[in-house]
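A short write-up of the structure that comes next.
Bear in mind the structure is a predicted one, so any value in this text is a computation, not a measurement. Chain letters run A, B, ... following the sequence lines, proteins first, then strands; residues in each count from 1. Below, each value reflects all heavy atoms present in this structure, side chains not excepted, and no hydrogens, waters or symmetry copies.
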Amino acid sequence: MEKTYQPSEIEQSWYQTWEKNGYFKPSNEGPSYSIMIPPPNVTGSLHMGHAFQDSIMDALTRYHRMKGHNTLWQVGTDHAGIATQMVVERKLAAEEGKTRHDLGREAFLDKIWEWKEESGDTITRQLRRLGASVDWEHERFTMDDGFYKAVQEVFVRLYKDDLIYRGKRLVNWDPKLHTAISDLEVENKDKKGHMWHFRYPLANGLLTSEGKNYIVVATTRPETMLGDTGVAVNAKDPRYQDLIGKNIVLPIVNRLIPIVADDHADMEKGTGCVKITPAHDFNDNLVGKRCNLAMINIFDKNAAILAEAEVYDVNGNPSDAFDAALPKEFAGMDRFDARKAIVSELDEMGLLEEVKEHDLVAPYGDRSGVVIEPLLTDQWFVRAGPLADPAIKAVEDGEIQFVPKQYENMYFSWMRDIQDWCISRQLWWGHRIPAWYDAEGNIYVGRTEAEVRKENNIDDSVSLKQDDDVLDTWFSSALWTFGTLGWPEATERLKTFHPTDVLVTGFDIIFFWVARMIMMTMHFMKDEDGKPQVPFKYVYVTGLIRDENGDKMSKSKGNVLDPLDMIDGIELETLVEKRTGNMMQPQLAEKIAKRTRKAFSEGISAHGTDALRFTLFSLASTGRDINWDMKRLEGYRNFCNKIWNAARYVLMNTEDQNCGQNDEAFELSLADKWIISRLQQTEAAIEKQITDFRLDLASQTLYDFIWNEYCDWYLELSKPILTSEQSSDALKLGTRRTLVRVLETVLRLAHPFIPFITEEIWQRVAPLAGKSGDTIMNQAYPVQDVSKIDELALGDVEWLKGVILAIRNIRGEMDISPAKAIPVFLRAGNAEDKRRFEDNAGFISSLAKLESMQWLGQQEAPMSATQLVGGMEVLVPMAGLINVEAEVARLNKELDKAAKEIGRLEGKLNNEKFVSNAPDDVVVKEKAKLSGAQSQQAKLKEQLAKISEL
RNA sequence: AGGACUAUAGCUCAGUUGGUUAGAGCACUACCUUGACAUGGUAGGGGUCGGCAGUUCGAAUCUGCCUAGUCCUACCA
């Protein structure tokens, strides 16, 4: 093996070998296990969050593959409607100065496909670098031909089941992107704004009970008054009761609109009068429905004022109940300009009563960042209620379990109050809605135009036009678990791998994706008994990866880390360039550059994929956000290095030697028995931790075992055996055998976490351990063998460690050079101590670097520094070298501690309630501690007395 | 407004059903280039577990209140 561990030299070549040999494909043997990758945006690149989730999925996949399961990790990408279209539009504008409209729909779509081909392999390349063992042969895309079929099938069937409908509804309109978006794509942000109070004159000379000829309404959106079709008051409000059913004259437009009674109007708030704009406010829309108010749309697609309004009745049908004319001076005016103009006009008219500062929450489009406008448009909706019911039940019944469980509450609260889902988007990139219209506007839904004509007996003389809109990206992603497996065909893959086992994803897309996947899957997938199938049994919800300060990583903050930079390293200047180049807000570049230079003054060094993955696992306690810490990454790179060097040691001592491959007679030392026992316990622990989705604990267990037990103790204990001339050949063989076999097992144990280094080393170690095979990937995952746990050996090594640590401790405190061999006495131990001493003197001498060791029993000992191991004293004779003052101080400190401990324990044990209430084993344990502490105290006193004589 | 989560060593985090002297990594101190490894070894310092009450023989762990922070949902005409 190379002397130094260099991940870059092993990782990529192993991945290629694995992929070439088809190791990632399902084996088609054993019980099925499947995971669907959450499809990343095809034109995007992987960030740390992906690396985190994908590493978890890969560990689970590799673990189950090694368990002998027929394992599929399905890979694919998402077409990501708006996001992708925006990227290409921006590119088009920058490079050619054109808009998509300049190109036209088809040419623009060609451009996107081109861009997809060009940039699409970024993601797949990154996945390969992470070691993801996905089934590349069946890679899918949410807009490939198969998905196209699945989406059409779902749309048509939902339409026929009356679960999809089209209608003129108030939707969230993005005036920049010119499309409707769903509730989930709206971000509500706090904002400083104003509240305007306007006087609306009463019609026909009416007066309020206070004798005024107007009522006062308050609004944060004055411009919408052009679309007011009523004013609501509370029916119980004595101030306005008499006015209900009467009219006001809407200023500026002079529209006669009614005063209606509705509970939406709160007597306690404002003036108690609410202007109602059913076409531009969701609450008002509901009031309008209840009170039979017309809807007047005053905005065009840019949210600028129309020259002529669109008037609809309460059901959304065109109506001439009101004059559609709008004042000419506002025509074409942007909504925010119109706001100013209208306020000043009302002010001039003497109708502005008051303006107040006001904190409000405004809706913003999550992609465009502009204020969303509620707008009346024709859209397609999924009737979510009926789909949600079984989806709620599946989680209630535990058919689907969230990890951690608290996310179920979030899921339930959203699902139990679910709103219909607006699925049409006025975009070009996406699944075009399979609906056709004739000249009269009749709607025909079907898989193809031909099918539509046939089913509805429409011959070719009638021209049909397909709906221009496309479906929300999440509509197709919702079909991911079964669409990827070949549905609507009844494929073997579908039968084998559905339902899938676990979905690993972030909490931020529980509503967008997880909930909708559950609804769609349960509606379309049924098992043999016709029972709805769930898409997955577990939803493992991961936290977000944040930067070192706990801030969300974002390009505009300039704190984004690329997982590949963790792996390969990056020069400072390249990193600065990467973070500041191609920015949406170039003015931030300087700040980001400065920040980057400060945080990474040396750039980032290469750590390798294994170290990155291990770091991610170690931080993966469930459901918690992670603050990324470069120091942890370094620590785990060092861990990989440790494994590398341990393997070098093992190979140096075993390669070209007999390691017991052919069942020759061998003898196991205490150390061998101990490490084998600990290995069994470690295997059981890791097994449990993985099934509990506690990869953080599993990685910690591995780390501890490898570093703190195998390397620190076992390898050290193996040295005296291998080098001593007194050891028998059988014992040496036993040690070599154990060295390679434990290492080989640990490599398999660790492989799902750190696949590359384990494969590299395994290739050399496996033959020595009597194993054969082309790859560690297909070897059996280690399983605990209880019969190999030797309790006696476990106890003996604990004792051994205790003695060695005591001696090292004395060395440290007495400042004895580590190079100097020293004599040691053991005194006052019991028979068990004596046996252990006799059996293991060699180990102690070697690891504590002793010149001699002697059992004193109860005899007098020379002047010594002392440590206690259980009831036994470990003495290092100091022969006048002792620093009396220091030793007295040390003993006094020890005595203090012992006295405190005795006080605490006595208090406890003298408490009758404790003795009678606590379980017996706890009481026994405390009693043992007390007597231990008391004998320690006695011995310390004795030493103190002796040393004080000097 | 409702809800969830978080608060443990200087930093990043573990701590299973209440029963330890509260742990790890990094950082820190001292010593050590010993034939696997200085990306290392040995020893060590550092925490009244956010605060206050309560339940209990016993609380980092359970309950309540408070403080700080993060997030979600809804709404504020």
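The residue among A:N708 and A:T4 whose nearest nucleotide of RNA chain B lies closer to the 5′ end is A:N708. Both A:R648 and A:G272 lie close to RNA chain B; mapped to their nearest nucleotides by heavy-atom distance, the more 5′-ward contact belongs to A:R648.
Under the salt bridge (Lys or Arg N to Asp or Glu O under 4.0 Å) criterion, A:K719 pairs with A:E716, not counting sequence neighbours. Checked against salt bridge (Lys or Arg N to Asp or Glu O under 4.0 Å), A:K801 has the following partners two or more places apart in sequence or in another chain: A:E798.
Using a 4.0 Å cut-off between a side-chain N of Lys or Arg and a carboxylate O of Asp or Glu, A:D237 and A:R239 qualify as a salt bridge. With respect to the salt-bridge test (charged N to carboxylate O, under 4.0 angstrom), the residues A:K925 and A:D921 do not qualify. Ionic pairing of A:R221 and A:E223 is present here: one or more N-O contacts between side-chain nitrogen and carboxylate oxygen are shorter than 4.0 angstrom. We find that A:D629 and A:K631 are not joined by a salt bridge, their nearest charged nitrogen and carboxylate oxygen being 4.0 Å or further apart.
Separating the CG atom of A:N911 from the P atom of B:C57 is a distance of 9 Å, rounded to the nearest angstrom. Atom CG of A:L905 is separated from atom P of B:U21 by 7 Å (rounded to the nearest Å). Between the CG atom of A:L868 and the P atom of B:U21 there is a distance of 18 Å, given to the nearest Å. In this structure, the CG atom of A:D921 is 15 Å from the C1' atom of B:C57, given to the nearest Å. In this structure, CG of A:L286 is placed 14 Å from C1' of B:A74, rounded to the nearest angstrom. Straight-line distance from the CD atom of A:Q406 to the P atom of B:G2: 20 Å, rounded to whole Å. For the pair A:D417 CG and B:A74 P, the computed distance is 8 Å after rounding to whole Å. Taking atom CZ on A:F614 and atom P on B:U39, their separation rounds to 20 Å, with Å as the unit.
For A:K3 and B:C37, the shortest distance from a side-chain N or O to OP1 or OP2 is below 4.0 Å.
When Watson-Crick and G-U wobble pairs are counted only if both distances are under 3.5 Å, B:G19 pairs with B:C57. The base-pairing partner of B:A24, taking Watson-Crick or G-U wobble contacts with both distances under 3.5 Å, is B:U12. Under the Watson-Crick or G-U wobble criterion, with both distances below 3.5 Å, B:G2 is paired with B:C72. A 3.5 Å limit on both hydrogen-bonding distances identifies B:G51 as the Watson-Crick or G-U partner of B:C65. The partner of B:G45 cannot be assigned: no Watson-Crick or G-U wobble pair with both contacts below 3.5 Å exists in any strand.
As rounded to the nearest Å, B:U29 and B:U73 have P atoms that lie 47 Å from one another. Distance noted for atom C1' between B:C49 and B:U20: 14 Å (whole Å). Separation of the P atoms belonging to B:U33 and B:G50 is 43 Å when rounded to the nearest angstrom. Nucleotides B:A24 and B:A30 have their C1' atoms positioned 22 Å apart, rounded to a whole Å. Taking atom C1' in both B:C13 and B:A7, the straight-line distance is 13 Å, to the nearest Å. Annotation: B:U61 and B:U6 have their C1' atoms spaced 16 Å apart (nearest Å). One C1' atom belongs to B:G45, the other to B:A27, and the distance between them is 13 Å to the nearest Å.
Within the nucleic acid shown, A:C640 has no heavy atom closer than 4.0 Å to any nucleic acid atom. Using a 4.0 Å heavy-atom distance criterion, A:S413 is classed as making no nucleic acid contact. Across all strands shown, A:Y703 has heavy atoms under 4.0 Å from sugar-phosphate atoms exclusively, and none from any base. Here A:T220 lies in heavy-atom contact (under 4.0 Å) with sugar-phosphate atoms only.
Of the candidate nucleotides B:C37, B:C75, B:C5, B:C75 has the atom nearest to the side chain of A:N283.
Between A:Y214 and A:Y200, the distance from one ring center to the other does not fall under 6.0 angstrom.
For the pair A:F617 and A:D696, the minimum side-chain heavy-atom distance is 4.5 Å or more.
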What string of B, S and - do you get for nucleotides 40-48 of chain B 5' to 3' if you count protein non-hydrogen atoms under 4.0 Å? SSSSS----
Give the B/S/- string for nucleotides 9-20 of chain B, one per nucleotide from 5' to 3', where a protein heavy atom under 4.0 Å of the base yields B, of only the sugar-phosphate yields S, and otherwise -. ---BSSS---BS
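Panel note: side chain A:R736, backbone A:L722; no donor-acceptor pair is recorded below 3.5 Å.
Counting heavy-atom neighbours within 6.0 Å of A:E354 CD, excluding the residue itself, gives a total above 12.
Put simply, CD1 on A:I822 and NZ on A:K849 are 10.5 Å apart, with the number rounded to the nearest 0.5 Å.
The one candidate from A:F511, A:W421, A:F507, A:Y407 that meets the ring pair (Phe, Tyr, Trp, His ring centres under 6.0 Å) condition with A:W414 is A:F511. The residue from A:D263, A:D262, A:D284 that alone fulfils the salt bridge (Lys or Arg N to Asp or Glu O under 4.0 Å) condition with A:R290 is A:D262.
Within 3.5 Å, a donor on the side chain of A:K719 pairs with an acceptor on the base of B:A36, or the reverse. Within 3.5 Å, a donor on the side chain of A:E716 pairs with an acceptor on the base of B:A36, or the reverse.
A ring-ring contact (aromatic ring centres under 6.0 Å, His included) check over residues 625-652 of chain A, counting only residues at least two apart or in different chains, returns the pairs A:Y5-A:W644, A:F614-A:Y636, A:F614-A:F639, A:Y636-A:Y703, A:F639-A:Y703.
Remark: nothing in residues 598-610 of chain A comes within less than 4.0 Å of RNA chain B through any heavy atom.
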